[in-house]
S.K.: 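My questions will all concern the structure given below.
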Amino acid sequence: MPFSYAAAASGSASSSRKPVPAAARRPVPSPAAAVAPAPSPSNPSAVSDSDPSSYSSSGEETDLTASDPAAASVISSYLSVAGDGADLSKVGIFLSSAARRRSPPCLICFDPIRPSDPVWSCSASCFALLHLHCIQSWAHQSSSAAPSPTWGCPKCRFPYPKSQTPTSYLCFCSKTVDPAPDPWILPHSCGDVCGRRLNADRDSGCEHNCLLLCHPGPCPPCPAIVPNAMCFCGSHRETRRCSHQRYSCSGKCNKRLGCGIHRCPVDCHDGPCPPCAVRGKHKCECGETMEERLCSERVFQCKRECGGMLQCGKHSCERGCHAGKCGGCPLQGRRTCPCGKKDYPSLDCDAEATTCGSTCEKVLGCGRHKCPERCHRGSCVETCRLVITKSCRCGGLKKEVPCYQELTCERKCQRLRNCGRHACRRRCCEGDCAPCPEVCDKRLRCGNHKCLSPCHRGACAPCPLMKTISCNCGQTFFEVPCGTEKNQKPPKCSKKCNIARLCRHKLECRPHKCHYGACPPCKLICGEELSCGHRCKLRCHGPIAPPNPEFTLKPIKRKKEKHIDSTPGTPCPPCQEVVLVPCFGQHLGQERAILCSKRRQFPCQNLCGNPLNCGNHYCSKACHVLQIPLSQPEGDQSAILSLASASAFAEPCEECNLPCQRVREPPCSHPCPLPCHLNDCPPCKALVKRPCHCGAMVHAFECMYYNNLNATKQQKVRSCGGPCHRKLPNCPHLCSEICHPGQCPSVDQCMKKVNVRCACNTLKKEWICQDVLKEYRQSGRDPKQIPKNQYAVGLLACGEDCVKKVKAADSELHLRKIQEIKTPAVEVENVPKRRKRRNRGQESVESSKFQEIKAVALKFLLVIFLCIIAVAGLYLLWKGVYRLSDWMNEMEEQRARQRHLKPGRL
């Protein structure tokens with residue numbers, strides 16, 4: 001349904017009647033004529049702020065007084081006493097409906113109630129207005145069909161006795177019979193002061209009467225002022241309105257609780273105080289057990305038996321835990337036999353009464369027969385087994401059965417229940433058929449709901465639900481009975497439309513009133529930012545909200561349409577602004593003036609000239625579209641970038657393939673390994689070989705590391721750290737210093753020991769090397785020209801021993817030469833060379849012919865053996881499959897035989 005529901009009707013549409021002249025209005029009786037004047041406070045501010053009536057706003061009263069002069073005359077006397085604290089929230093609904101002369105239709109006949117029709121109003125709770133003849137017929141049918149002589153209100157179901165069936169047409173206050181219709185007062189009203197007792201349903205102590213004129217609905221709260229209103233606990237007094245004189249002061253109650261010891265800890269409250277919740281240890285009634293219990297449960301009984309002696313002194317007390325004495329023995333006094341026919345006046349309490357021997361004759365459980373046994377102790381037999389003739393409940397069957405057994409027949413009752421539609425269908429029914437348990441489930445006159453009452457006679461009760469007819473926003477509405485909403489019109493709402501606009505001017509457009517259908521179009525300039533960055537200068541044509549459904553209450557059967565969030569408007573036209581568009585290469589001075597919507601880049605006659613990625617060279621292609629433009633005019637940078645990136649003709653600039661031509665810092669002889677690039681060259685990692693000072697080893701340094709060192713540090717890092725090992729220039733010895741640059745410092749100060757010999761090497765002495773050098777220089781000889789094997793030879797003079805040794809050596813040499821001439825040379829025989837170990841394993845082992853034949857025969861026999869095994873395996877597999885097939889066929893035959901045998905057995 002396209003209408004909404006709400007919970008109140010205070011904002012309903014006002015009547016269009018013109019105001020009535022003051023002279024034509026009916027004079028309003030004075031409030032003093034009907035009720036004694038209520039005490040008014042001298043100072044209005046003395047009323048307590050905690051009074052709920054002081055918070056009610058007078059907005060609804062203002063609407064009522066402005067809507068109709070008749071409604072204004074009804075509440076004028078009440079407002080004169082209540083002032084700003086008037087509370088007409090409950091009666092306002094009925095007054096506003098009556099002021100519009102638009103009373104809801106009758107709930108029974110659904111016909112409209114005219115001001116001249118006799119009506120009846122429910123005075124219990126709902127205050128529904130019904131036709132008098134309709135409610136009389138309703139009460140008669142309800143009281144005659146119900147088992148009890150009562151009838152209920154069609155709306156609130158409040159039960160009325162049959163004696164309160166309306167017989168005459170009364171006004172709302174029940175003072176005037178058949179009130180005459182008057183256009184200057186409310187319909188069905190007598191025009192006098194209501195005078196009904198206020199707050200009659202509460203125990204508030206209010207003795208005031210209603211000050212409104214005869215009105216529909218409930219009476220408003222009593223507006224009188226009570227100067228000393230006491231709170232619930234009685235510790236606080238303040239000035240309050242009579243309708244709210246019972247209040248809570250928010251302090252502690254502090255009343256004495258039921259235990260008589262403690263006081264109530266709850267805040268000031270209405271009604272009796274709660275039980276005392278203080279816990280403590282208390283004794284049971286016999287005083288033997290102590291437990292921790294609540295103070296309100298301090299009197300309790302334990303589970304142990306008393307066990308004390310009775311007054312007779314012979315029997316013990318069998319009662320449980322109790323207070324006081326155990327009492328007298330129940331067996332003392334007059335006693336009888338078990339059946340009660342024979343007395344024993346002087347029988348002790350501990351003596352057992354004997355049986356009398358006569359028939360018991362106590363009434364059995366059936367209530368009709370007596371016990372046939374002799375006097376006996378204990379209870380009689382519970383079930384009476386005497387056979388008698390019984391009739392069933394419905395009287396259709398008689399039979400002899402034991403007395404304890406109930407007789408029922410199998411006949412089903414065919415009488416109709418109280419609804420007159422369904423049969424009783426109960427077995428052996430006595431005639432008092434139970435009420436029909438079925439649900440009526442008939443379609444009510446409203447056409448929207450079904451009757452949920454138990455199955456009944458006559459017409460169903462009217463639908464008790466109310467439908468709310470509201471405007472589109474739901475803030476203005478009125479209620480009508482269910483089923484009458486189809487002929488209603490929506491109220492006129494003065495509130496603002498709550499449908500938000502979808503265009504960009506939702507905060508700037510002027511608001512309009514609530515409505516059905518589409519909202520009016522926006523009249524402002526569009527101003528929407530286009531994709532190019534400019535703004536649209538046409539009238540707003542943005543998306544609009546979907547129109548509201550037209551107000552209709554008649555059901556329309558059609559397919560559900562898909563919900564559209566927004567109806568798109570006309571898109572903005574192409575931008576007509578004139579802009580300067582650069583060429584493909586974005587060269588200066590080559591821009592052209594083109595419409596923004598038709599701008600296209602173009603090639604010019606210049607070369608591209610865009611810096612390459614290397615940053616050192618420029619593109620030499622013809623003007624072309626750049627993939628990532630770098631230089632762009634101000635204000636149009638984003639547009640050109642989007643055109644360049646989205647163009648299908650965009651091509652990258654040429655790539656620089658030249659090697660890097662930069663001079664490295666610090667300078668070195670190695671070229672940069674990278675291609676041409678923009679940033680600084682990476683550090684040189686090439687290895688530079690530098691020998692140590694003595695030449696014993698070669699160092700490998702990174703070029704960057706070695707070149708960054710100064711000359712002193714370079715000399716230092718080139719030292720190997722070992723002895724120099726360079727030959728001294730004047731002697732055959734090596735330098736004994738640590739590896740060092742330049743000339744060795746110990747050229748003439750060599751301290752090595754040298755064997756000095758004579759010319760024939762017979763004499764020998766040890767000199768220091770520097771003394772040998774001095775001797776050479778004194779003799780005028782240069783030490784550098786002396787061979788190494790002749791160094792320090794001949795510095796000593798030969799003696800006599802030297803001559804003798806030379807002669808002996810010559811004779812031995814002569815003899816050795818003679819012996820070599822006499823002994824010829826022996827030729828060496830040809831001996832085969834020993835083979836290398838790695839060639840020993842490569843020698844081929846020669847095999848005989850028999851071994852080769854034997855190997856071939858063994859291979860042939862192995863092949864034949866494998867073939868025999870394969871053939872045997874295939875044969876066994878075939879046999880197994882064949883036997884499995886035979887077994888499966890036998891099983892199928894057995895199952896088929898069993899299927900044929902089963903029907904024969906059955």
Side-chain angles (χ1 to χ4, degrees), residues 9 12 14-15 17 20 24-29 34 64-65 67-78 88 90-139 151 153-156 158 160 164-198 200 209-220 462 466 478-481 484:
S12 58
S14 62
S15 175
R17 293 182 57 187
V20 181
R25 299 178 188 172
R26 185 167 182 171
V28 180
L64 291 175
T65 56
S67 61
D68 191 83
S73 64
V74 172
I75 64 175
S76 59
S77 59
Y78 181 84
L88 297 176
K90 294 183 179 179
V91 73
I93 301 175
F94 299 93
L95 291 178
S96 61
S97 177
R100 296 194 311 268
R101 300 297 194 273
R102 196 175 183 178
S103 299
C106 178
L107 293 177
I108 299 177
C109 64
F110 283 175
D111 291 337
I113 299 177
R114 299 178 180 85
S116 60
D117 293 342
V119 295
W120 173 86
S121 177
C122 176
S123 59
S125 60
C126 66
F127 301 95
L129 203 64
L130 307 171
H131 286 126
L132 180 61
H133 63 276
C134 292
I135 193 62
Q136 289 175 344
S137 175
W138 173 271
W151 57 278
C153 173
K155 184 177 181 181
C156 63
F158 182 82
Y160 288 92
Q164 292 187 10
T165 302
T167 58
S168 59
Y169 171 37
L170 301 176
C171 64
F172 294 117
C173 62
S174 302
K175 293 179 181 179
T176 305
V177 180
D178 294 334
D182 191 342
W184 310 118
I185 61 176
L186 294 179
H188 318 293
S189 171
C190 63
D192 295 334
V193 176
C194 177
R196 285 184 284 185
R197 176 76 177 272
L198 297 176
N209 297 331
C210 180
L211 299 180
L212 296 181
L213 298 185
C214 184
H215 62 89
C219 295
M466 299 292 290
F478 58 88
E479 291 185 347
V480 295
T484 62

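Starting from 1, each residue takes its place in the sequence as its number.
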S.K.: side-chain contact (heavy atoms from CB on, under 4.5 Å) with Cys194: which of Cys214, Cys171, Cys173?
M.R.: Cys173
S.K.: Are side-chain heavy atoms of Pro154 and Ile135 found at a separation under 4.5 Å?
M.R.: yes
S.K.: For Phe158, check side-chain contact (heavy atoms from CB on, under 4.5 Å) against everything at least two apart and list the hits.
M.R.: Ala124, Cys156, Tyr160
S.K.: Closest approach of Asp117 and Pro112, non-hydrogen atoms and distance?
M.R.: OD2-O, 3.9 Å
S.K.: Is there side-chain contact between Ile108 and His131, with at least one heavy-atom pair below 4.5 Å?
M.R.: no
S.K.: With a 4.5 Å limit on heavy-atom distance, are the side chains of Cys210 and His215 in contact?
M.R.: yes
S.K.: Tell me, do Val193 and Leu213 make a side-chain contact under 4.5 Å, heavy atoms counted?
M.R.: yes
S.K.: Going by the rule side-chain contact (heavy atoms from CB on, under 4.5 Å), which residues pair with Pro181 if we only count those two or more places apart in sequence or in a different chain?
M.R.: none
S.K.: Nearest heavy-atom pair of Leu212 and Pro220: which atoms, and what distance?
M.R.: CD1-CD, 3.5 Å
S.K.: Measuring only between side-chain heavy atoms, which start at C-beta, is Pro179 closer than 4.5 Å to Tyr169?
M.R.: yes
S.K.: Check whether any side-chain heavy atom of Arg197 sits under 4.5 Å from a side-chain heavy atom of Asn209, and report yes or no.
M.R.: yes
S.K.: Test of understanding: with side-chain contact (heavy atoms from CB on, under 4.5 Å), list the residues that count as partners of Leu170, not counting sequence neighbours.
M.R.: Ser168, Ser174, Val177
S.K.: How many angstroms lie between OG in Ser123 and CD in Gln164, if you round to the nearest 0.5 Å?
M.R.: 7.5 Å
S.K.: Going by the rule side chain to side chain donor-acceptor pair (under 3.5 Å), which residues pair with Trp151 if we only count those two or more places apart in sequence or in a different chain?
M.R.: Thr165
S.K.: At what distance, to the nearest 0.5 angstrom, does SG of Cys190 lie from NZ of Lys175?
M.R.: 6.5 Å
S.K.: For the residue pair Pro166 and Trp120, what are the closest heavy atoms and their distance?
M.R.: CB-CD1, 3.6 Å
S.K.: Would Cys106 and Asp111 count as a side chain to side chain contact (heavy atoms under 4.5 Å, CB included) here? Give the steps.
M.R.: CA-CA 6 Å; Cys106 178; Asp111 291 337; 5.5 Å; no
